[in-house]
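To start, the structure under review is shown below, and the notes come after it.
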Amino acid sequence: MEQAGEACKTPPPPLLRPDWSDDVKPPRFRYVRPETLDELLELRANEDVDSVILAGGQSLIPMMNFRLARPELVIDIGGVEELQGISRVDGHVVIGAATRQAAALNAPEVIEGAPLLIQALRHVGHVAIRNRGTVGGSIAHADPAAELPVALLALDGSVVAQDQSGHRAVPATELFETAFTTSLRPTEVLVDVRVPASTHARVAFGEIARRQGDFALVNVAVSTTVEDGRFSAVRIALGGVSDVPTRCEAAEEAAITDRPSAAHLREVARIAADSVTPRDDFHATANYRKQVAAVLVERALADTCDVLAEVA
């Protein structure tokens, strides 16, 4: 018994990595919180400083904690009121880049003018994530499996980028260059997101994820116009199947060549799936993603034209 008691007092072996905590803390950085857009643009104008914009922080902070991002300067835009708010301007729904996703989800302008964004937003993370995450932040982060980029592409939307030299509109088709990379310049700030307002388009959004709130293995956004029982316009965008959200133009063309039927929609979905080339990873195989893409496209198109999808 004495020997057992002595054994209990033996100190535990030392940690193999006594500095392990350094791996979940960000490197040193400077933090600033500008109050106006002009102050923000001045901070971004200094190309000699590696700066990054903190919006909701739902992606940036974990990346910094794991040393995947090592900025010298973190610029918190939470206090810049010019980047917040939702309005209707010239036939577009305009959403300030720093507008919280939860605010957009409940805004009458978005509910009435951009219902596809509403459907996409409902799939973004969880309530706590949407309360902190911003619309512009999700799009600028350019995760190829995120919901808002694929919805923006299906809506033929755009963003407005600004620096001290002026501002420019960047269509969604030109915004996403590769995974987590956009065509925004180092000195630019994404100031708002714009999508054409539409009250007559029929829209649908769907995705498959391992658990609710996870990033999608595959997601789809569809916007259609139906006239006289036929598709007169179709836009199909897929996420999670490439390094960027992808428009399925061949499938869009095929969709408007015949009156919608279950067989026709299945053929359009096959064309959409055949147009993408996903890669195998530890989440899913490429073949699985193609099969899921076909199922999601068929279901989404069926939802917009009141045809029962014959999904196996």
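Numbering of residues begins at 1 and proceeds along the displayed sequence.
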How many angstroms lie between atom CG of Asp143 and atom CG of Leu148, to the nearest 0.5 angstrom?
-> 11.0 Å
Is there a donor in the side chain of Thr285 and an acceptor in the side chain of Asn287, or the other way round, less than 3.5 Å apart?
-> no
When clusters are formed by joining ILVMFWY residues with side-chain heavy atoms under 4.5 Å apart, either directly or through shared neighbours, do Leu238 and Ile139 land in the same one?
-> no
When rounded to the nearest 0.5 Å, the distance separating CZ of Arg100 from CG of Leu121 is 14.0 Å
Check: Gly239 main-chain N/O paired with Asn219 side-chain donor or acceptor under 3.5 Å | yes
Give the intermediate values and the outcome of salt bridge (Lys or Arg N to Asp or Glu O under 4.0 Å) for residues Arg70 and Asp50.
-> CA-CA 9 Å; Arg70 295 170 173 263; Asp50 179 17; over 6 Å; no
More than 12 non-hydrogen atoms from neighbouring residues, nucleotides or ligands closer than 6.0 Å to CD on Glu35, yes or no?
-> no
Taking atom types as modelled and ignoring hydrogens, do the side chains of Arg44 and Ser51 form a donor-acceptor contact shorter than 3.5 angstrom?
-> yes
Rounded to the nearest 0.5 angstrom, the CD-CG distance for Gln119 and Asp303 is 8.0 Å
How many angstroms lie between atom CG of Leu105 and atom CZ of Arg130, to the nearest 0.5 angstrom?
-> 6.0 Å
Could I get the full list of salt bridge (Lys or Arg N to Asp or Glu O under 4.0 Å) partners for Arg88, not counting sequence neighbours?
-> none
Atom pair CG/CG of Leu184 and Leu175 - distance to nearest 0.5 Å = 5.5 Å
Between atom OG1 of Thr36 and atom CD of Glu82, what is the distance when rounded to the nearest 0.5 Å?
-> 6.0 Å
